[in-house]
Structure formats: C-alpha cells, structure tokens
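A quick write-up on the structure given underneath.
Being a predicted model, the structure only gives us computed values, none of them experimental. This chain uses plain numbering: 1 for the first residue, then up along the sequence.
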Amino acid sequence: MKCAVILAGGKGTRMKADCPKVMCNVIFKPMISYVIDAVKDAGVRDICVITGYKHEEVEAYLPEDIKTALQEPQLGTGHAVMQAGEFIRAHSGDEILILNGDGPLMDAETINKAYEYHKSNGNSITVISAIVDDTEGIGHIKRDKNGTLLKIVEHKDATAEEKQIRESNSGCYWFNGADLIYALENITNENAQKEYYLTDSLEILISAGKNAGAYVVENSEVVLGANDRKQLNDLNNIMRRNINTRLMLDGVDIPCTDGVIIGKDVKIGNSTVILPNTIILGNTVIGSGCTIGPNSYLDNAVVGNNVILDNCKILDSEVEDGVDAGPFVKVRANSVLKKGVHIGNFVEVKNSVVGEGSKSAHLTYIGDSDVGRDVNFGCGTVTCNYDGKNKSRCVIGDGAFIGCNTNLVAPVEVGEQAYIAAGSTITDSIPEKALSIARARQVIKESWVDIKKPYKEKK
C-alpha cells in the first residue's frame, strides 16, 4: 500500500506574501492543489499534510479526506515529518511518499516511475533527483567514484567542491515505512542551521546497511519549486506552456499563445480556436469548432459546439451550440444562452435563461429573467429586477419584440408575440400579440426657443 506526507508548513519569507507559501498561486490555483492532484493521480489515496505558518488557511483549503499535522515551530524538514509520527506509524508496513507542497510541476508519471525503481531495487529510501545547471541553494547528491550514493549535502553546509555537484535533491522521496521511522529516530540538528534535515535520513539508512537509490528524472522541470516571486513566475510560464502544448496535441488550435492562460482542469474539444489574451479557468468545458477570444475570460463555463465568444466574460453559466456573443459581453450567475442565441456588444446577462434564437444586439441588461424563443431585444432594453430590497423576475414569451429603450419593471410578464413600442416603461403584464405603449404623448410648442431663449448667445 502507498501513502504520502506533503510538507506545507513554510512561511515563504522571500515570497513576501501574507499567505502560506504553498497557497501562492500557479495559474490561479494554490501550488499545493497541483501536488495533491499529482499524488492522487499516482494512485495514492491516504495523504497527510504538514501545516505550519497560518495553518488554518491551508487546512480550510484542503479536501476533507486529507489528514493534517501541525509543525510549530518550524525546525526543518526532518522535524516536519516527525509531526506526522502517528500517521507514519500506522503505515509502518507501507511505502511512504514524502514531497514538498510547493512543487506544482511534480506529476504522477514521475511519482510512479520512482516508485517502480524503489520497489524493484528493494530500497529503504529512494531519492528523486535531477541534473540541474544552477546549483545555487540545492541539496547536492554526493556519490563515490563508482556512482554509489553516499549522502545529501545541503548547499549552506557544502564545501566548495561539493557545491559543484549538479545532481540535485528534489525534496521528494519514497521510504519504506519502518525504515523511515528508524531514520527519524536518529536524525539530529548538528548543522549550520540547527535544524533537523530529512536529507540526513539517506546517510543514516546507508550506515544501517539499508539499500538506497536515486531515481534521476528525465525532465528536470518537474522538481522545480519557488522561493520568490521570480521563481513563481517561472513556474507559471512552464505550467502555462505545458497545458497549452497538451491541448494543441489534442487538436485545439492556439495559433498564437500570447496571453493565453488555460487552467489544468479545463476541457476543450478539437478544432476549437483559442485566440490571444484569453483566460479559461475552473472546470470549464468547451465543445468542438468554437472560436474563443480574443480577450475573453471563462470561469466554470459550459460551452457547446460551434460557439463564437469574442471579447466575452462567461462566469458560472452555460452557452449552448451555435451561440454568437460579443464583443464586450458579460454572462454570469447561472445563466443559460440556448442554441443559436445572438448577444451583441455591451450586453449583460445575469441569472437568466435566454431561449433559442433570441437576439439582443447591443446595450441591454437581461437580469433575473426567463426569455422565450426568437425574442428580439432592441438597443437599450433593461430588465429592472431590483427595487432596493428584493430581486424579481421578468418572463418574456416566445417571439416577443421589445422596442429600443424599454424598461421592464419586474415582476412583469410579456406574452408570446407581444410588441412593445420604443421608449416604454412597462409595469404591467402584456397579453400575447398585444401592443404596449407606455410613454407620454409628444407635445410640440411652436417658437418656444424664440420666446424662452434657453441658449447662450454666440459671440
């Protein structure tokens, strides 16, 4: 059986953030969320997260099935793992994965390949390592001339010669449970930082005659973490590139990736085009043959096939097949645009259903409304859904025609094929096929300007 301990107690001083380090975002999600996903994707279900700085914030974010242990104060990685003592003892007969909560690029494939290496060699400990160019600040994997593992040397404790070693400790390990317990019992804080290093467990287990190995990753990017905002930016760029590449290989057309940011959980059908400066997040699902963007933002949206969203913001809403929306359109709060709807420039839809084939070409607000099929909204129409205390709904029947500059003061019902004259303020329901005119009669006073002289005289 496999289980995991994730280290997430650090403050991340160099981040200069108010939140715990692992809660800093990569592509709009906390780093720890990617780590948990990778662990679960690798088939590891029993997980314990070690919290510390502002632990309440991390604990509130974690899924309910995740166990936690508090490290207070923070005295190193070995000390952090010690706080999961009860969890580890319960898994003394299992293989235990330990990894950092600020390594969002770690993936299930790497975790499982390292596990296979660990088991096939009968190791008590397997270090996941990488060959890197920048050796500043890393934990150096020290081997003898035959390549046999000796120990891990922290950069701050390394000699000048050891600092030239390019094989880096990723901070991820597979342990035999019983051997991990033994190592933790023998770790000391005799080092420059007076901390308990988990890295010392390698030398401890080798000295005890146990098998040890290092699984060297093929792609060194998977072991990257972030200690400051510049490194966090690097992680964002790598994650963005990886997601975009995966989608393009699956048939999504991204002709120019400038400003295109797509979340890890987003699903997009083939032959859909994603244009520049488009951000797609959450559990958004987009069908095939769509054009999304430029300058569009989708979060938790469901989009059908052959949809055009140009300069649109779609939040927590559904857009069915063949919808054409934009530019400068906002759809939010549980709205549905049915098949073939056209929503034009500067239109907002909120908590409403807009029926098949209905059109609102420009400058309209449709809020808290149930709109039928083939309804036409003239320019400047507003559903007045809020009276200062309560939200009320409008119901508009199939085939209704709403003239320009109409105010529908909810709650009102507009019957099927009813017709509203431009400039009307509607406060009462309208029967089907009726014409409603709700405006003052036009009055013309001849020569009024000559008599009243309302304008300033021109020099």
Side-chain angles (χ1 to χ4, degrees), residues 1-10 12 19-51 55 57-69 84 87 91 95-116 128 130 170-174 215 217-226 231-232 234-247 249-250 252 261-268 279-286 298-301:
M1 183 177 171
K2 298 183 286 186
C3 65
V5 175
I6 300 175
L7 308 186
C19 64
K21 182 181 177 183
V22 297
M23 296 300 291
C24 291
N25 283 348
V26 170
I27 311 294
F28 304 101
K29 287 178 62 176
M31 288 191 284
I32 193 171
S33 69
Y34 293 96
V35 178
I36 291 171
D37 286 347
V39 170
K40 289 186 174 182
D41 289 346
V44 180
R45 291 289 176 265
D46 205 359
I47 301 171
C48 180
V49 173
I50 310 301
T51 62
H55 62 96
E57 187 172 340
V58 178
E59 291 162 2
Y61 177 79
L62 295 173
E64 291 183 358
D65 62 336
I66 303 289
K67 300 176 178 67
T68 63
F87 178 85
H91 290 278
E95 305 303 319
I96 301 176
L97 171 68
I98 296 178
L99 68 172
N100 296 320
D102 63 346
L105 300 177
M106 179 57 63
D107 57 24
E109 181 181 7
T110 300
I111 291 170
N112 282 330
K113 283 184 175 180
Y115 176 78
E116 291 167 6
I128 299 178
S170 69
C172 302
Y173 313 82
W174 277 107
Y215 173 77
V217 299
E218 299 171 6
N219 175 13
S220 62
E221 288 180 345
V222 301
V223 305
L224 293 177
Q231 292 177 343
L232 190 66
D234 293 339
L235 295 184
N236 271 276
N237 287 330
I238 294 169
M239 184 71 76
R240 184 175 77 96
R241 182 203 68 200
N242 290 348
I243 294 170
N244 288 350
T245 298
R246 172 177 58 80
L247 289 169
L249 293 175
D250 286 342
V252 177
I261 303 175
I262 302 174
K264 173 177 173 288
D265 301 319
V266 171
K267 296 178 176 59
I268 304 177
I279 299 173
I280 309 173
L281 304 176
N283 294 312
T284 295
V285 178
I286 300 172
L298 284 72
D299 190 1
N300 291 321

Can you confirm whether [X] sits close enough to [Y] that some side-chain heavy atom of one is under 4.5 Å from a side-chain heavy atom of the other?
X	Y	result
T68	H55	no
I280	I261	no
F28	D299	no
L62	I32	yes

Main chain of [Y], side chain of [X]: is a donor-acceptor contact present, judged purely on distance under 3.5 Å?
X	Y	value
N219	E221	yes
T110	M106	no
K21	A226	yes
W174	I111	yes
T51	G9	no

ask   = For K2, which residues count as a salt bridge (Lys or Arg N to Asp or Glu O under 4.0 Å) partner, sequence neighbours excluded?
value =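 Once residues adjacent in sequence are excluded, K2 has no partner under the salt bridge (Lys or Arg N to Asp or Glu O under 4.0 Å) criterion.
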Residues in side-chain contact (heavy atoms from CB on, under 4.5 Å) contact with K40, at least two apart in sequence or another chain =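 Testing K40 for side-chain contact (heavy atoms from CB on, under 4.5 Å), a comparison that skips the adjacent residues, returns I36, R45, I47, P63, D65, I66.
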key: Heavy-atom pair of closest approach, residues I243 and I262   =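 Taking I243 first and I262 second, the nearest heavy atoms are CD1-O, 3.3 Å.
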ask   = When you measure from the centre of the six-membered ring of Y34, is the NZ or CZ of K29 under 6.0 Å away and within 45° of the axis?
value =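 Geometry flag: set, cation within 6.0 Å and 45°.
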